[in-house]
Amino acid sequence: MPELPEVETIMSLVKRRLTNKKVIKCKVLNSKLRWPIETRKFKVLENRTIKSVKRRGKYILIEFELDKVILIIHLGMTGVISFANNHVYKRHKHDHFLLFFNDFIFVFNDIRKFGSIHITKDISNMFLIKNLGVEPLSKKFDENYLLQLSKNRLCSIKEFIMNQKIVVGIGNIYATEALFLSKIHPKMKAKYLTLSKAKSLVSNIKDVLVQAIDMGGTTIKDYVNADGKPGYFTQKLNIYQKKTCPIHKNNTVKNIKISGRSSFFCNLCQREEL
DNA sequence: CTGAGATCCTGTCTGC
DNA sequence: TGCAGACAGGATCTCA
């Protein structure tokens, strides 16, 4: 499900809610997620206070005081975080993980179990984190960076910008939208990226992500933030799951599969398939 | 180091 | 109404 804007939105709400709060109890209801939850490790969270909440790529990082213990959460496709009132909480299907606080419960729910929860004391060496690429909204992500890494890549440009080892946080929706805005065919080989296309792509990726964050993300099917609210960037989508091109209004949007994912594009706007 | 393809899991929608 | 098959905001692993 969530890409950078959705994770950022959720992270902000979690941050507001959990900073300086002490975990009373931690409960694993189901450890069988994408990576098994190592239940025994989680005892150390009890009676500890949360110092800060951050985001790295599509991961939410919850940092505790002392010992640099960090709780890492990935939402996969269908992960949802919510807060339940202590007295009202009733276990829902697919609730997997709970953190009890004085006056509420932090709930992690995930229908498809593609999400995961980890705990680490050494974030920079954590296997899921250590090989992540640059943050797309940082200065490091520019046309030179993209051009440099794409030089000899035979994979499509869409796969390339969705590759979390290159740049983090971009998933199917925002990759699709940014490529449309830059008039690049999603199947074009990454190695054929030019300086001007790279410039345009970087700038459109940043724009799309910033706008989407401002609007609380994109809700396609069932995404909601930690307050149960949808994202409103859905209204701004140009091409993702659209029938016709917003520019060539009579032209049907093409939908092809690129490494198993739906890829929407306008064959008149995005011509150069090489 | 690349890239293609299978795989994890559940729910919903479409078409016969 | 039933049922099979496709599809869904992701990312890793295996193998060539």
Side-chain angles (χ1 to χ4, degrees), chain A residues 1-11 29-37 55-60 72-81 92-96 108-118 126-133 136 148-179 186-191 205 208-209 211-213 215-226 229-237 239-242 255-264:
Chain A
M1 63 154 287
E3 305 181 35
L4 188 148
E6 293 77 35
V7 179
E8 180 72 20
T9 303
I10 292 167
M11 182 279 291
L29 301 173
N30 171 24
S31 62
K32 291 178 192 157
L33 301 186
R34 174 68 182 82
W35 304 99
I37 300 181
R55 179 191 59 73
R56 173 76 175 102
K58 296 176 191 170
Y59 294 88
I60 293 170
I72 304 173
I73 300 177
H74 192 286
L75 300 165
M77 292 255 223
T78 49
V80 175
I81 286 170
H92 286 87
K93 203 176 180 182
H94 309 306
D95 281 355
H96 306 302
F108 176 80
N109 178 290
D110 185 2
I111 295 175
R112 288 177 72 185
K113 302 189 180 77
F114 285 179
S116 61
I117 300 184
H118 316 260
M126 201 278 176
F127 77 110
L128 293 169
I129 305 287
K130 69 176 177 188
N131 293 321
L132 290 178
Q148 190 64 32
L149 289 181
S150 63
K151 243 182 205 167
N152 297 312
R153 292 299 203 110
L154 292 171
C155 69
S156 70
I157 186 67
K158 177 159 177 269
E159 290 170 284
F160 185 70
I161 58 173
M162 284 173 68
N163 183 340
Q164 304 298 302
K165 291 184 176 126
I166 306 295
V167 54
V168 296
I170 303 167
N172 207 21
I173 295 179
Y174 300 108
T176 298
E177 289 295 312
L179 287 169
K187 238 181 175 170
M188 183 190 83
K189 289 190 192 336
K191 62 189 267 196
I205 285 172
V208 160
L209 294 177
Q211 272 197 65
I213 291 170
M215 301 183 78
T218 304
T219 293
I220 294 299
K221 202 166 157 254
D222 45 23
Y223 163 76
V224 287
N225 68 25
K229 303 215 173 76
Y232 297 102
F233 190 74
T234 322
Q235 303 157 224
K236 296 274 181 181
L237 295 175
I239 195 92
Y240 188 84
Q241 288 190 347
K242 297 292 181 194
N255 179 4
I256 56 172
K257 293 276 175 197
I258 297 177
S259 64
R261 316 291 301 276
S262 286
S263 307
F264 301 87

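Residue numbers start from 1 in every chain, and the chains themselves are labelled A, B, ... in the order their sequence lines are given, proteins ahead of strands. All heavy atoms count here, side chains included; hydrogens, waters and symmetry mates do not.
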Taking [atom1] from [X] and [atom2] from [N], how many angstroms apart are they, rounded to a whole number?
X	N	atom1	atom2	value
Met162(A)	dA8(C)	CE	P	11 Å
Ile161(A)	dA11(C)	CD1	P	13 Å
Phe160(A)	dT2(B)	CZ	C1'	13 Å
Lys151(A)	dC1(B)	NZ	P	18 Å
Asp222(A)	dT12(B)	CG	C1'	10 Å
Phe264(A)	dC7(C)	CZ	P	11 Å
Lys158(A)	dG3(B)	NZ	P	16 Å
Gln164(A)	dC13(C)	CD	C1'	17 Å

Discussion item. Under 4.0 Å, heavy atoms only, any strand: does Leu128(A) hit a base, just the sugar-phosphate, or nothing?
Written reply: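 Leu128(A): backbone/sugar contact only, no base atoms under 4.0 Å.
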Worksheet item: Taking the P atom of each, how far is dC9(B) from dC3(C), in whole Å?
Response: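 To the nearest whole Å, 24 Å.
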Just how far is it from atom [atom1] of [X] to atom [atom2] of [Y], taken to the nearest 0.5 Å?
X	Y	atom1	atom2	value
Ile10(A)	Asn225(A)	CD1	CG	6.5 Å
Asn30(A)	Asp95(A)	CG	CG	10.5 Å
Trp35(A)	Ile72(A)	CH2	CD1	12.5 Å
Met188(A)	Ser150(A)	CE	OG	8.0 Å
Thr218(A)	Glu177(A)	OG1	CD	8.0 Å
Asp110(A)	Leu33(A)	CG	CG	6.5 Å

Worksheet, complete the sentence: With B for base contact, S for sugar-phosphate-only contact and - for none (protein heavy atoms under 4.0 Å), nucleotides 4-11 of chain B reads S---BBBS
Practice prompt. Can you label the angle between the Tyr174(A) ring and the Phe233(A) ring as parallel, tilted or perpendicular, going by 30° and 60°?
Written response: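 Ring orientation, 0 to 90° scale: tilted.
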Worksheet item: Which word best sums up how the rings of Phe127(A) and His118(A) line up, parallel for under 30°, tilted for 30 to 60°, or perpendicular for over 60°?
Response: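 Rings of Phe127(A) and His118(A): perpendicular, over 60°.
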Practice prompt. Examine the side chains of Lys158(A) and Asn172(A) and answer whether a donor and an acceptor come within less than 3.5 Å of each other.
Written response: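 Yes - a donor-acceptor pair under 3.5 Å links their side chains.
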Worksheet item: Quick one: is dA8(C) close enough that its OP1 or OP2 comes under 4.0 Å of any side-chain N or O from Lys257(A)?
Response: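 Checking dA8(C) against Lys257(A), a side-chain N or O does come within under 4.0 Å of OP1 or OP2.
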Listed pairs, N/O of protein and of nucleotides 14-16 of chain C, under 3.5 Å:
none

Worksheet entry | Base partner of dC9(B), which must satisfy Watson-Crick or wobble distances under 3.5 Å |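 Checking every strand shown, dC9(B) finds no partner, since no pair has both distances under 3.5 Å.
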